[in-house]
Asks: 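Before I ask anything, here is the structure I am working with.
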Amino acid sequence: MRRARTPAPLLVPAALAVTFLVLPLAGLLVRTPWSQLGTLLTAPGVGQALRLSLVSATVATLVSVVLGVPLAWVLARSRARGRTVLRALVTVPLVLPPVVGGVALFLVLGRQGIVGRWLAEATGITIPFTTTAVVIAETFVAMPFLVISVEGALRAADARFEDAAATLGADRWTTFRRVTLPLVAPGVAAGAVLCWARALGEFGATITFAGNFPGTTQTMPLAVYLALQRDPQAAIVLSLVLLLVSVATLLLLRDRWLGRSGAAA
């Protein structure tokens, strides 16, 4: 079918929306000190922050996959009562201000927290203001992205393949490993990419629960915040790196999104 032209009254607000969203990004590219790019990127603090961000975001994503995929299966396939409440609780971090999430983590895992006090007394281990705290904060805010993506893939998957495996004698665990996971693998991959990107850009929960210590808890977003106060040029370069990572994430997910659009059309 021939697509209808966009109504004229919609063009102006659409153009304003595009301008509003794209202009700040264009401003970042225009104001980037390209001549100093190499020098600023090779500064010691930048390398530490970038390395810590990549490692912590990757570990947080792996933890989210291990814990989030089973949780998504429970939400999509289980008939247990309270799934609606459980789904609401899982999605709370999506709308919760990250700083509030950091405070909540501190009240549970801090030295005087519900679990943290017992952990410190029993083992002498304290979590806040450590690299582990960075991973926990990133996992808390990023895991819901993976859970939602995988749950959607599970609901869209054809359950007849799982039923066929069951009739052939496969138990539930074998069916999950050999049938369900291959069916939802694209959804798991897309959710993992979104989870990783969200973890990489986490700021509020990290600075509240883990602090801002170079080499230990200072990730790229925290380094941008600190650099903006003393070296705006370095802050621009660090922001450019995060922008490039975001664009790369969109490119990785492009085929999946376009495939959905084509199927819907």
Asks: Considering all heavy atoms of both residues, which atom of Met220 and which atom of Leu242 are nearest to each other, and what is their separation?
Replies: CB-CD2, 3.9 Å

Asks: Hydrophobic cluster mates of Val85, side-chain heavy atoms under 4.5 angstrom, ILVMFWY only, any path?
Replies: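 Cluster partners of Val85: Leu89.
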
Asks: Quick one, Phe209 and Val108 - any side-chain contact, counting heavy atoms below 4.5 Å?
Replies: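 Not touching, per the 4.5 Å side-chain cut-off.
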
Asks: Val74, Val90: one ILVMFWY side-chain cluster at the under-4.5 Å cut-off?
Replies: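 Linked, Val74 and Val90 end up in one cluster.
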
Asks: Which value, rounded to the nearest 0.5 Å, describes the distance between Leu96 atom CG and Phe140 atom CZ?
Replies: 6.0 Å

Asks: Provide the full list of side chain to side chain donor-acceptor pair (under 3.5 Å) pairs with a residue in residues 88-102, sequence neighbours left out, each pair given once.
Replies: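 Qualifying pairs, neighbours excluded: none.
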
Asks: Quick one: name the residues clustered hydrophobically with Leu222, using the 4.5 Å side-chain heavy-atom rule over I, L, V, M, F, W, Y, and just say none if it's on its own.
Replies: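 Phe203, Ile207, Tyr225, which link up through side-chain heavy atoms under 4.5 Å apart, make up the rest of the cluster.
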
Asks: If you look at every heavy atom in Thr208 and Gly102, which pair is closest and at what distance?
Replies: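 Heavy atoms only, the tightest pair is CG2-C, 3.8 Å.
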
Asks: In chain order, what residues pass the side chain to side chain contact (heavy atoms under 4.5 Å, CB included) check against Thr217, with sequence neighbours excluded?
Replies: Val134, Ala210, Phe213

Asks: Return the set of residues passing side chain to side chain contact (heavy atoms under 4.5 Å, CB included) with Leu10 (not counting sequence neighbours), or none when no residue passes.
Replies: Thr6, Pro7

Asks: Quick one: does any side-chain atom of Gln218 pair with a main-chain N or O of Ala49 as donor and acceptor, under 3.5 Å?
Replies: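 Judged by distance alone, no pair lies under 3.5 Å.
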
Asks: According to salt bridge (Lys or Arg N to Asp or Glu O under 4.0 Å), who are the partners of Glu151, at least two apart in sequence or on a separate chain?
Replies: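 Salt bridge (Lys or Arg N to Asp or Glu O under 4.0 Å) check on Glu151 returns Arg87, Arg155.
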
Asks: Specify the closest pair of heavy atoms between Val224 and Ser239, including all atoms of both residues, with the distance to one decimal.
Replies: CG1-OG, 3.5 Å

Asks: So do Pro93 and Met143 actually touch side chain to side chain, heavy atoms under 4.5 Å?
Replies: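 No; the side chains remain at least 4.5 Å from each other.
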
Asks: Do Leu109 and Trp118 share a hydrophobic cluster, counting only Ile, Leu, Val, Met, Phe, Trp and Tyr and linking them when any side-chain heavy atoms are less than 4.5 Å apart?
Replies: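 Yes, one cluster joins them.
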
Asks: Quick check: do Leu29 and Leu243 have side-chain heavy atoms less than 4.5 Å from each other?
Replies: yes

Asks: When you group the ILVMFWY residues by side-chain heavy-atom contacts below 4.5 Å and let the links chain together, are Ile114 and Val103 in the same group?
Replies: no

Asks: Side chains of Ser56 and Thr219: closer than 4.5 Å at any heavy-atom pair?
Replies: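 Sidechains of Thr219 and Ser56: in contact.
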
Asks: Could you tell me the separation between the CD atom of Gln233 and the OG1 atom of Thr32, rounded to the nearest 0.5 Å?
Replies: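 One finds 9.0 Å between CD of Gln233 and OG1 of Thr32.
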
Asks: Among residues at least two apart in sequence or on other chains, which ones pass side chain to side chain contact (heavy atoms under 4.5 Å, CB included) with Ala142?
Replies: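 If we apply the side chain to side chain contact (heavy atoms under 4.5 Å, CB included) test to Ala142, skipping adjacent residues, the hits are Cys195, Arg198, Ala199.
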
Asks: Please identify which of these residues, Leu75, Leu67, Leu94, meets the side-chain contact (heavy atoms from CB on, under 4.5 Å) condition with Val147.
Replies: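 That would be Leu75; it is the only one of Leu75, Leu67, Leu94 passing the side-chain contact (heavy atoms from CB on, under 4.5 Å) with Val147.
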
Asks: Partners of Leu119 by side chain to side chain contact (heavy atoms under 4.5 Å, CB included), sequence neighbours excluded?
Replies: Thr123, Ile125, Ile127

Asks: Got a sec, which pairs hit salt bridge (charged side-chain N to carboxylate O under 4.0 Å, His left out) with one end in residues 234-251, sequence neighbours left out?
Replies: none

Asks: So do the side chains of Phe106 and Phe129 get within less than 4.5 Å of each other, counting heavy atoms only?
Replies: yes

Asks: For the CD1 atom of Ile136 and the OG1 atom of Thr206, what is their distance to the nearest 0.5 Å?
Replies: 11.0 Å

Asks: Sequence neighbours left out, what passes side-chain hydrogen bond (donor to acceptor under 3.5 Å, both in side chains) with Arg31? Give chain and number order.
Replies: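 So Arg31 forms no side-chain hydrogen bond (donor to acceptor under 3.5 Å, both in side chains) with any residue.
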
Asks: A side-chain contact here means heavy atoms from C-beta on lying under 4.5 Å apart; do Trp196 and Leu54 qualify?
Replies: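 Yes, their side chains come closer than 4.5 Å.
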
Asks: Pair Val69, Leu146 - check side chain to side chain contact (heavy atoms under 4.5 Å, CB included), show working.
Replies: CA-CA 8 Å; Val69 172; Leu146 182 136; 4.2 Å; yes

Asks: Do you see a donor-acceptor pair shorter than 3.5 Å between the side chains of Ser78 and Trp73?
Replies: no

Asks: Going from CD1 on Ile236 to CG on Leu28, what distance comes out if it is rounded to the nearest 0.5 angstrom?
Replies: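 It is 7.0 Å, given to the nearest 0.5 Å.
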
Asks: Work out which heavy atom in Thr139 is nearest to a heavy atom in Ser64; give both atom names and the distance.
Replies: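 Between these two residues, the closest heavy atoms are CG2-OG, 3.6 Å.
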
Asks: Considering only heavy atoms from C-beta outward, does the side chain of Val150 approach that of Val65 to under 4.5 Å?
Replies: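 SC-SC contact between Val150 and Val65 ruled out.
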
Asks: Applying side-chain hydrogen bond (donor to acceptor under 3.5 Å, both in side chains), name anything that partners Thr216, two or more places apart in sequence or on another chain.
Replies: none

Asks: Should side-chain heavy atoms under 4.5 Å link Ile, Leu, Val, Met, Phe, Trp and Tyr, which residues sit in the same cluster as Leu52?
Replies: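 Once heavy-atom contacts under 4.5 Å are chained together, Leu52 still belongs with nothing else.
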
Asks: Can you get from Trp34 to Val237 by hopping between Ile, Leu, Val, Met, Phe, Trp and Tyr side chains that sit under 4.5 Å apart?
Replies: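 Yes, because Trp34 and Val237 connect within a single hydrophobic cluster, where side-chain heavy atoms sit under 4.5 Å apart.
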
Asks: Less than 4.5 Å apart, side chain to side chain, heavy atoms only: is that true for Leu71 and Leu86?
Replies: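 Contact flag for Leu71/Leu86 side chains = yes.
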
Asks: Identify the heavy atoms of Gly187 and Ala153 that sit nearest to each other, and give their distance.
Replies: CA-CB, 3.9 Å

